[in-house]
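If you read the sequence from its start, that first residue is 1, and numbering goes on from there.
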Amino acid sequence: MGLFKTLAVFLRIKKKEVNVLVIGLNNSGKSTIINHFKDEEDKQSEIVPTVGFNVEKFQNQSLSFTAFDMSGHGRYRDLWEHYYKDCHGIVFVIDSSDKLRLVVVKDELDLLLQHPDICNRKIPILFFANKMDCKESLSSVKIAAGLGLDKIMDKPWNISASNALTGDGLNEGVEWLTQQIRDTIVNRN
């Protein structure tokens with residue numbers, strides 16, 4: 001290790017690398033949310049549906065995030081569990097205007113919370129109630145009630161109303177997740 005790297009680690013200047021899993025049903029806005037956090041030169045002008053998964057990187061405070069943007073199409077949701085073990089946080093994106101599929105979101109959330117690689121860990125989960133600008137979208141309070149988030153007692157969680165197109169609510173949510181990861185993962189080392 002070079003002198004500057006050693007000094008940076010000693011002074012805690014070096015950014016800590018963490019993995020976050022970005023999941024949710026198809027068309028919920030996962031890729032658009034991640035695109036918001038990329039550097040200007042890396043942002044995509046047109047977002048296309050994710051097939052399988054994409055790996056993206058962004059930074060917030062002293063954390064360097066590797067985001068695994070997972071496809072939300074039914075045939076790809078089985079891939080999610082292969083990334084549970086190595087993730088430090090989860091971003092669960094919900095289309096708040098898609099009331100009909102809220103029951104599917106709840107089923108996927110229940111599967112996630114019961115998975116052996118998740119159930120015994122105090123992993124922070126950030127829920128984005130996305131597309132709040134859409135007419136007749138459900139409030140974050142109604143989404144939290146519909147998903148039974150109040151029953152999650154063993155993991156820190158937060159729900160943030162968001163609009164991925166304008167960026168409303170995104171920074172606040174990621175600030176919360178950054179602090180939770182710092183408190184639960186980074187400060188233990």
Please find the pair of heavy atoms, one from [X] and one from [Y], that lie closest to each other, and give the distance.
{"X": "V22", "Y": "A67", "value": "CG2-CB, 4.1 Å"}
{"X": "S31", "Y": "D69", "value": "OG-OD2, 2.5 Å"}
{"X": "L170", "Y": "A164", "value": "CD1-CA, 4.0 Å"}
{"X": "K155", "Y": "I123", "value": "CB-O, 3.5 Å"}
{"X": "M132", "Y": "S137", "value": "O-OG, 3.2 Å"}

Out of curiosity, [X] [atom1] to [Y] [atom2], how far, rounded to the nearest 0.5 Å?
{"X": "S140", "Y": "K142", "atom1": "OG", "atom2": "NZ", "result": "11.0 Å"}
{"X": "L138", "Y": "K99", "atom1": "CG", "atom2": "NZ", "result": "5.5 Å"}
{"X": "N163", "Y": "C134", "atom1": "CG", "atom2": "SG", "result": "7.5 Å"}
{"X": "E108", "Y": "L113", "atom1": "CD", "atom2": "CG", "result": "11.5 Å"}
{"X": "F128", "Y": "L126", "atom1": "CZ", "atom2": "CG", "result": "4.5 Å"}

Item to check | Co-membership, hydrophobic cluster, residues I23 and V104, 4.5 Å side-chain | outcome: yes

Checklist entry - Do V141 and L109 share a hydrophobic cluster (ILVMFWY, side-chain heavy atoms under 4.5 Å, transitive)? => result no

Next on the checklist: Using the side chain to side chain contact (heavy atoms under 4.5 Å, CB included) definition, which of the options D95, I143, D168, I33 pairs with N130?
Outcome noted: I33

Checklist entry - Only one of N26, L111, L112 forms a side chain to side chain contact (heavy atoms under 4.5 Å, CB included) with R77, so which one is it? => result N26

Exam field: side chain [X] to backbone [Y], donor-acceptor pair closer than 3.5 Å:
{"X": "T66", "Y": "N19", "answer": "no"}
{"X": "K57", "Y": "F65", "answer": "no"}
{"X": "T50", "Y": "F53", "answer": "no"}
{"X": "H115", "Y": "D117", "answer": "yes"}
{"X": "K30", "Y": "G24", "answer": "yes"}

Would you mind reporting whether [Y] and [X] have side-chain heavy atoms less than 4.5 Å apart?
{"X": "N27", "Y": "L25", "value": "no"}
{"X": "L147", "Y": "I94", "value": "yes"}
{"X": "V20", "Y": "L177", "value": "yes"}

Checklist entry - Hey, mind stepping through K16 and V18 against side chain to side chain contact (heavy atoms under 4.5 Å, CB included) and telling me if it holds? => result CA-CA 6 Å; K16 176 77 174 166; V18 296; 4.3 Å; yes

Checklist entry - Relative to the ring of F127, is the ring of W157 parallel (under 30°), tilted (30 to 60°) or perpendicular (over 60°)? => result perpendicular

Checklist entry - Just checking, is any N or O donor in the side chain of K131 or S97 under 3.5 Å from an acceptor N or O on the other one? => result no

Item to check | Residues E175 and N171: side-chain donor-acceptor under 3.5 angstrom | outcome: no

Checklist entry - Is there any ring pair (Phe, Tyr, Trp, His ring centres under 6.0 Å) pair reaching into residues 21-42, and which pairs are they, with sequence neighbours excluded? => result F37-F58

If you look only at distance, which donor and acceptor atoms sit under 3.5 Å apart when one is on a side chain in residues 79-87 and the other is two or more places apart or in another chain?
residue: W80; atom: NE1; partner: S71; partner atom: O; Å: 3.0

Item to check | Over 12 foreign heavy atoms within 6.0 Å of CG, N120 | outcome: no

